[in-house]
Amino acid sequence: MALVLDQDQALLRSTATQFARERLPVANLRRLRDTGDATGFDRDAWREMADLGWTGMLIPEPLGGNGFGHFGLGLVLEALGRTLAASPLLSTVVLSGTALTHASDAEPARNLLRQIAAGETVLALAHEEHPRHRPLAIATTARRDGEGYVLNGRKRFVIDGHVAETLLVVARTAGADDDPRGLSLFLLDGATPGISRHRLSLADSRNSADVQLSDVRVDRTALLGEAGAAGPVLERVLDVGRILLSAEMLGAAQQAFETTLEYLKQRQQFGVPIGSFQALQHRAVQMYTEIELARSVLHAALTALDEDGGADVPRQATVCKACVNDTFHLVSNEAVQMHGGIGMTDQVDVGLYLKRARVAEATLGTAAFHRERYATLQGF
Amino acid sequence: MALVLDQDQALLRSTATQFARERLPVANLRRLRDTGDATGFDRDAWREMADLGWTGMLIPEPLGGNGFGHFGLGLVLEALGRTLAASPLLSTVVLSGTALTHASDAEPARNLLRQIAAGETVLALAHEEHPRHRPLAIATTARRDGEGYVLNGRKRFVIDGHVAETLLVVARTAGADDDPRGLSLFLLDGATPGISRHRLSLADSRNSADVQLSDVRVDRTALLGEAGAAGPVLERVLDVGRILLSAEMLGAAQQAFETTLEYLKQRQQFGVPIGSFQALQHRAVQMYTEIELARSVLHAALTALDEDGGADVPRQATVCKACVNDTFHLVSNEAVQMHGGIGMTDQVDVGLYLKRARVAEATLGTAAFHRERYATLQGF
Amino acid sequence: MSELDRFRDDVRAWIAANYPPSLREPLRVDSPDTPWGGRKTRYANPDVQVWMDRMAAKGWSTPEWQPEHGGAGLTPEHARVLREELAAAGCRPPVISFGLMMLAPVLHEFASEEQRRHFLPPIARGEIRWCQGYSEPGAGSDLAGLKTRAEDLGDHYLVNGQKIWTSYADQADWIFCLVRTNPESKHGGISFLLIDMASPGIEVRPIQLISGKSPFCEVFLTDVRVPKQNLVGKPGEGWKIAKRLLQHERASISTHLQTGLGGSPAGRPLAELARSYAGERDGRIADAHLRDAVARHEMRSEAIALTLRRVQEESGKQGPSALSSITKSLGAQHNKDKHELMVEILSLAGTAWDGAPFTDEEVEVCRQWLRSKGNSIEGGTSEIQTNIVAKQVLGLPD
Amino acid sequence: MSELDRFRDDVRAWIAANYPPSLREPLRVDSPDTPWGGRKTRYANPDVQVWMDRMAAKGWSTPEWQPEHGGAGLTPEHARVLREELAAAGCRPPVISFGLMMLAPVLHEFASEEQRRHFLPPIARGEIRWCQGYSEPGAGSDLAGLKTRAEDLGDHYLVNGQKIWTSYADQADWIFCLVRTNPESKHGGISFLLIDMASPGIEVRPIQLISGKSPFCEVFLTDVRVPKQNLVGKPGEGWKIAKRLLQHERASISTHLQTGLGGSPAGRPLAELARSYAGERDGRIADAHLRDAVARHEMRSEAIALTLRRVQEESGKQGPSALSSITKSLGAQHNKDKHELMVEILSLAGTAWDGAPFTDEEVEVCRQWLRSKGNSIEGGTSEIQTNIVAKQVLGLPD
């Protein structure tokens with residue numbers, strides 16, 4: 001397992017870090033927020049990311065990707081996380097791309113993967129139906145209707161849901177709430193009649209939307225893979241999402257920590273830097289320790305995605321998301337407190353990291369959710 | 001509610017503190033431990049406690065008590081807790097006395113209360129059957145047999161169980177495990193055939209015993225109160241026990257804290273007292289804060305026992321035990337750590353407080369047990 | 001019938017005749033009808049002003065103050081009767097202001113009689129709203145490190161500098177300020193000055209907080225001329241006055257601590273919130289972790305509430321309680337914990353910034369969660385409070 | 001077949017012929033058959049000595065050391081093959097000792113060749129058991145504050161003072177000691193001295209720990225005469241040597257960290273322990289709080305194990321990893337947490353001190369819980385470690 005970076009990886013990380021700093025600094029997120037930008041991310045930067053090959057990292061070469069793999073994409077997301085950079089990498093490449101890869105090898109899916117690799121389209125996974133992560137609580141139905149299906153339901157907190165050209169909708173073709181069987185994946189053009197999308201305003205100023213499906217009629221080609229077979233696909237998709245979201249979160253936590261550490265060294269009170277106070281030093285060491293633990297876990301989980309057959313992925317994803325959640329939670333709180341009054345203002349960045357922290361913590365499962373899941377996976 | 005002491009109470013506390021310091025210092029517990037004393041407490045000191053009126057505090061004047069009440073006895077136990085003083089106050093006065101008072105007003109019970117008030121006898125409540133507190137998990141049975149009963153079962157961790165002249169045994173006359181109905185209280189002479197008692201060796205060197213009941217035959221006068229009616233009595237007895245055990249624990253925590261604070265001021269390293277290090281100062285303030293919170297809760301709970309009709313007692317007892325548990329847990333750990341190497345030796349006292357802490361925490365319910373109970377009592 | 005009983009009857013009758021029925025509903029936290037007073041404050045309900053004026057006319061906003069200070073000169077016994085009747089009738093306070101809570105006690109203690117007659121009546125009547133000019137960008141926890149300079153130019157001071165975290169400076173008419181009259185002495189060079197916010201050279205800029213709200217301002221003072229008679233106490237006595245004033249501030253913060261003990265912004269208990277977002281099983285919160293977390297929080301709420309009561313009882317019996325030194329940081333942490341728990345319960349709905357489909361409660365949970373982060377910073381950081389307790393209460397060495 | 005393959009075959013054959021079958025079962029923690037070596041150590045199983053002697057005769061206890069130092073002078077490749085074969089055959093280590101782990105690296109680096117030839121072979125062969133004389137009653141975290149005096153009397157030193165926390169001093173033959181040769185200079189006045197425990201004037205008293213065990217001793221030195229050739233390095237170089245030695249100590253503590261990741265003393269996973277004491281429901285731990293606590297602990301175990309692996313990988317690629325500075329206190333806390341959790345699971349049975357009806361596992365849970373409290377104290381307290389990380393890794397100012 002590669003817990004330590006090799007040369008290619010180190011180069012990739014440094015490219016991505018520089019890109020984030022120069023092209024998508026925190027000021028970019030502020031601009032999107034303060035101008036009420038309708039897209040919610042920078043389309044030019046998105047094209048540049050595609051040119052750098054980041055959109056094709058999970059996609060095999062025959063489909064236009066480069067197969068750099070999850071570890072590489074994790075390094076990119078970690079770098080982007082440092083500046084809270086908004087991009088459709090998570091929605092399109094990670095969640096939708098993984099779903100397409102695992103759900104179907106038919107031409108519609110392959111075609112979309114080609115477009116994803118080329119950075120030509122934005123997709124969104126419409127899955128969650130509750131504010132609290134409940135992956136199997138799917139009430140959205142897809143009812144057979146002649147040769148096609150009719151979908152009804154409400155999807156919530158769909159990342160990039162209001163801008164995606166295509167929606168990947170998880171719907172129930174059989175079974176009751178919480179039943180892993182009976183779930184199916186549908187590919188819906190965003191313009192299909194009956195779909196209404198409503199952008200949400202969340203604390204982190206990142207993209208999220210509610211999607212209402214009212215008698216949405218699609219033909220049978222909209223079904224990805226077999227009806228009722230999406231359960232295992234979904235589990236894999238969510239695990240990949242958890243790990244790569246963790247990468248973004250760890251980058252953000254690392255940056256919030258470094259900014260705070262710098263402040264501790266600069267800020268003078270009582271004639272000395274406040275970082276000379278032992279109580280703050282011990283708390284800084286605690287943050288450092290938690291970040292390093294999280295890094296080990298994240299790198300192991302990314303490696304598992306690339307290397308092992310997948311048996312270990314659910315456990316690793318769950319350990320990873322829980323650990324990174326707790327770490328970002330701690331660091332984001334301490335960053336504000338250690339900045340004192342100025343940390344409470346919108347003027348400095350630490351508050352933005354705090355806001356991103358809670359949204360990301362709740363996305364794809366809180367630490368408590370993952371502790372419970374860990375116990376289940378380990379059979380206790 | 002008296003959260004602050006009045007003059008009588010302040011006087012009582014100072015008497016008890018002096019008694020503990022002079023008559024039952026920590027050295028007394030060490031002596032009992034190191035000599036393998038068969039009784040496990042100091043019989044002379046016990047008589048003196050009776051002379052001071054402490055054994056009669058919960059017993060009305062007509063039965064030889066003084067009715068000073070739970071608050072007063074709490075102050076005494078808090079003072080005794082400071083020196084880890086061993087005495088049968090908890091087993092005999094608190095648990096057994098309360099059980100007798102609530103279970104029956106017939107002559108056998110009244111007679112025993114008179115003897116308790118006079119300090120003439122030691123009783124033990126034989127209730128618990130598991131290492132983890134499960135108040136209703138009573139498998140011990142009392143089967144009707146002619147005019148009497150036959151008892152069978154095994155009681156565990158019976159405080160003062162090996163020295164008590166009389167045992168108060170909780171047994172099931174009906175119902176299955178965890179059913180609050182069907183519990184009955186029996187008064188057994190310790191010498192009754194079929195009773196075998198085995199003293200336990202616990203970390204805190206205080207009295208605890210297993211009691212085996214094998215076809216123990218008693219006549220019907222052994223039944224205290226109505227058959228099957230002991231459930232509510234037991235709940236009250238345990239709540240009173242929780243609150244007064246908390247008093248002892250808070251005294252111990254307070255002493256461990258003060259000893260540690262003194263050490264922080266005296267112990268020099270790097271040419272300064274270690275108590276000048278800010279990280280240790282902040283941790284000391286945390287201990288102080290938790291102790292003061294626990295004191296507020298304890299005083300309120302003791303007052304509730306004396307003043308209100310009892311409706312509030314279960315909740316107060318549960319808040320109290322949980323809060324004092326957490327406090328003593330924290331303080332006992334920090335006391336050892338802040339003493340450094342010397343804190344790891346049997347030679348200084350902090351280790352004894354640590355050992356007492358865990359035994360007392362587990363007795364009558366851990367903090368987790370009481371959080372769960374609180375949720376149940378509050379209906380969530 | 002005693003004189004006091006007769007007074008009680010009179011008060012009751014006067015309240016019945018004069019209390020505006022539209023103010024029957026209790027005042028909510030952060031309500032736009034908070035009776036701050038002053039020239040710039042506007043109320044949603046005009047009866048707020050009516051009630052303020054009626055009480056002011058009787059001198060009953062500050063019943064024990066002397067009439068020449070804007071009070072009614074009542075004895076403590078009469079004042080207690082008045083307060084009891086106001087409470088019994090569910091009357092809102094006629095004035096709530098920093099002038100009343102913080103500045104007035106200091107004026108009573110340190111100002112000249114002439115200053116008292118000049119400044120106290122408008123405070124009592126709610127005519128002038130005050131703000132507090134203490135912190136500076138470089139002087140937060142180290143307040144005595146302040147740099148705002150007041151130069152003695154004979155009959156007036158020339159003030160230059162910058163204040164920060166001035167609550168409602170944009171709404172206030174006057175500001176009480178700590179200024180440096182002597183750069184040579186850190187603590188001994190500070191003076192306490194009253195400044196009209198309408199003076200030329202004062203600029204106020206609201207500070208936007210992470211919660212989106214901006215109750216705080218920066219105040220820039222450039223060549224502001226302040227008459228010398230606006231100095232309270234002697235030059236160099238400012239630090240002594242400031243410390244006393246901070247005590248009043250912390251006491252008033254402590255009375256707000258109870259907020260941390262309540263439920264959601266909509267007043268729903270945490271358990272109910274947990275039930276509605278995490279579901280029920282057998283009548284209980286379905287999620288065992290949340291049940292445990294809510295129980296832990298509510299039990300601590302009980303412990304803190306009892307400790308606040310004990311502080312009051314001890315203060316009553318024995319004077320200032322050592323305990324009061326811990327209540328501020330304790331309450332701050334608990335309030336922060338409560339808001340974190342609410343966000344955890346609501347999960348993504350707890351990060352709702354604005355707009356549909358989120359409920360007002362959801363948006364408020366998010367905003368107040370962010371706002372609560374300031375609890376352990378404002379009015380003395382928890383770290384500073386902890387240092388003080390370590391030294392002053394526990395006697396640990398420097 | 002390469003020379004290395006032939007060597008492998010030889011080793012395998014030799015092990016098959018020489019490894020005592022009675023040592024097949026792996027060595028348990030704290031076993032009386034731990035091969036400490038030395039003149040006073042007695043083993044429950046005499047084959048421990050047999051194995052030690054056979055390996056010593058081949059020089060294979062320290063295969064890469066030169067033959068004149070008690071080794072076999074093997075190349076790193078041959079030594080690796082030897083280690084692989086020993087591991088594959090499940091052989092226990094022939095010697096485990098402080099001499100080997102801590103003193104030997106220091107002798108290799110700082111001692112004269114004459115000293116190396118004298119002191120290393122008995123360490124390699126397990127003939128001499130060493131203990132470490134560092135801490136003193138007044139010099140714990142502030143180790144350089146030590147006072148044990150070594151007076152230069154021409155051909156020998158006269159040593160007076162007291163050492164504490166000397167592990168197994170009562171079992172050791174020699175002690176390596178930090179002594180003060182110059183009272184004028186705190187760090188520069190310390191020297192590193194090797195002392196025969198049989199010297200007149202040495203008294204050893206075991207220290208009883210709260211866990212009831214006493215692996216530690218106090219060592220009193222009264223007018224002990226030590227030949228000058230027993231000084232390692234120059235006078236005043238002791239602090240430099242000590243710091244290096246502490247690194248070796250911490251590294252060896254870190255290899256023991258994995259203990260904190262395991263289960264109960266009887267080897268049962270925490271989840272199984274929880275099931276057996278708190279019961280099962282639907283195949284799961286019945287108590288939701290315990291389930292959550294065990295999950296939290298095991299997840300952190302995974303994070304720590306991965307971090308320890310990363311430390312190794314980083315050290316391999318880039319030299320000493322900054323991370324290694326956090327592993328000791330991290331592992332200490334985690335091991336303490338594990339033991340607290342076990343006591344919580346067992347509840348009153350986790351406070352079992354001794355005897356029936358308690359199981360060996362219950363008694364060991366209690367004893368090891370108490371013993372674990374020392375993890376964050378010995379080998380440098382967690383507070384000191386944290387200070388070091390704050391300054392050396394994070395660059396925070398003094």
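Naming convention: chains lettered A, B, ... in sequence-line order (proteins, then strands); numbering from 1 in each chain.
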Checklist outcome for this item: Note: vs chain A, highest number of non-hydrogen pairs under 4.5 angstrom among D:T386, D:D282, D:L323, D:D398 is D:T386
Item to check | D:R309 CZ to A:H299 NE2 distance, which is reported to the nearest 0.5 Å | outcome: 13.5 Å
Checklist entry - Has A:D6 got more than 12 heavy atoms of other residues, nucleotides or ligands less than 6.0 Å from its CG? => result yes
Item to check | Proximal component of D:E383, with respect to chain A [non-hydrogen, under 4.5 Å] | outcome: both
Item to check | Spacing of A:S296 atom OG and D:E302 atom CD [to the nearest 0.5 Å] | outcome: 12.0 Å
Next on the checklist: Is D:I326 close to chain A through its backbone or its side chain, or both, or neither, when contacts mean heavy atoms under 4.5 Å?
Outcome noted: side chain
Item to check | Under 3.5 Å: donor-acceptor pair, side chain of D:R310, backbone of A:E292 | outcome: yes
Next on the checklist: What part of A:R315 gets within 4.5 angstrom of chain D, counting heavy atoms only: side chain, backbone, both, or neither?
Outcome noted: side chain
Checklist entry - Roughly how far apart are D:R291 CZ and A:T376 OG1, rounded to 0.5 Å? => result 7.0 Å
Checklist outcome for this item: When rounded to the nearest 0.5 Å, the distance separating CG of A:D326 from CE of D:M299 is 8.5 Å
Checklist outcome for this item: Whatever's closer than 4.5 Å to a heavy atom in chain A on D:V294 counts as both
Checklist entry - For A:Q286, is it the side chain, the backbone, both or neither that has a heavy atom under 4.5 Å from a heavy atom of chain D? => result neither
Next on the checklist: Heavy atom to heavy atom, less than 4.5 Å: which residues from residues 367-375 of chain D reach chain A?
Outcome noted: none
Next on the checklist: If the contact rule is any heavy atom under 4.5 Å from chain A, which residues of residues 264-275 of chain D qualify, in numerical order?
Outcome noted: D:A271, D:R275
Item to check | From CG (D:L396) to NE2 (A:H282), nearest 0.5 Å | outcome: 10.5 Å
Item to check | side-chain hydrogen bond (donor to acceptor under 3.5 Å, both in side chains) partners of A:R132, counting only residues at least two apart | outcome: C:D287
Checklist entry - So how far is it from A:F380 CZ to D:R284 CZ, rounded to the nearest 0.5 Å? => result 8.5 Å
Next on the checklist: Test side-chain hydrogen bond (donor to acceptor under 3.5 Å, both in side chains) on A:Q281 and D:N387; report intermediate values, then the result.
Outcome noted: CA-CA 7 Å; A:Q281 292 187 344; D:N387 289 343; over 6 Å; no
Item to check | Top contributor to chain D contacts, counting heavy-atom pairs under 4.5 Å, from A:A284, A:S276, A:C320 | outcome: A:S276
Checklist entry - Within the distance-only criterion (no hydrogens, no angle test), does the side chain of D:E298 pair as donor or acceptor with the backbone N or O of A:Q378 below 3.5 angstrom? => result no
Next on the checklist: Taking 4.5 Å as the heavy-atom cut-off, does anything in residues 250-265 of chain A contact chain D, and if so which residues?
Outcome noted: A:F257, A:L261, A:L264, A:K265
Checklist entry - Do the side chains of D:L330 and A:L293 get nearer than 4.5 Å, heavy atoms only? => result yes
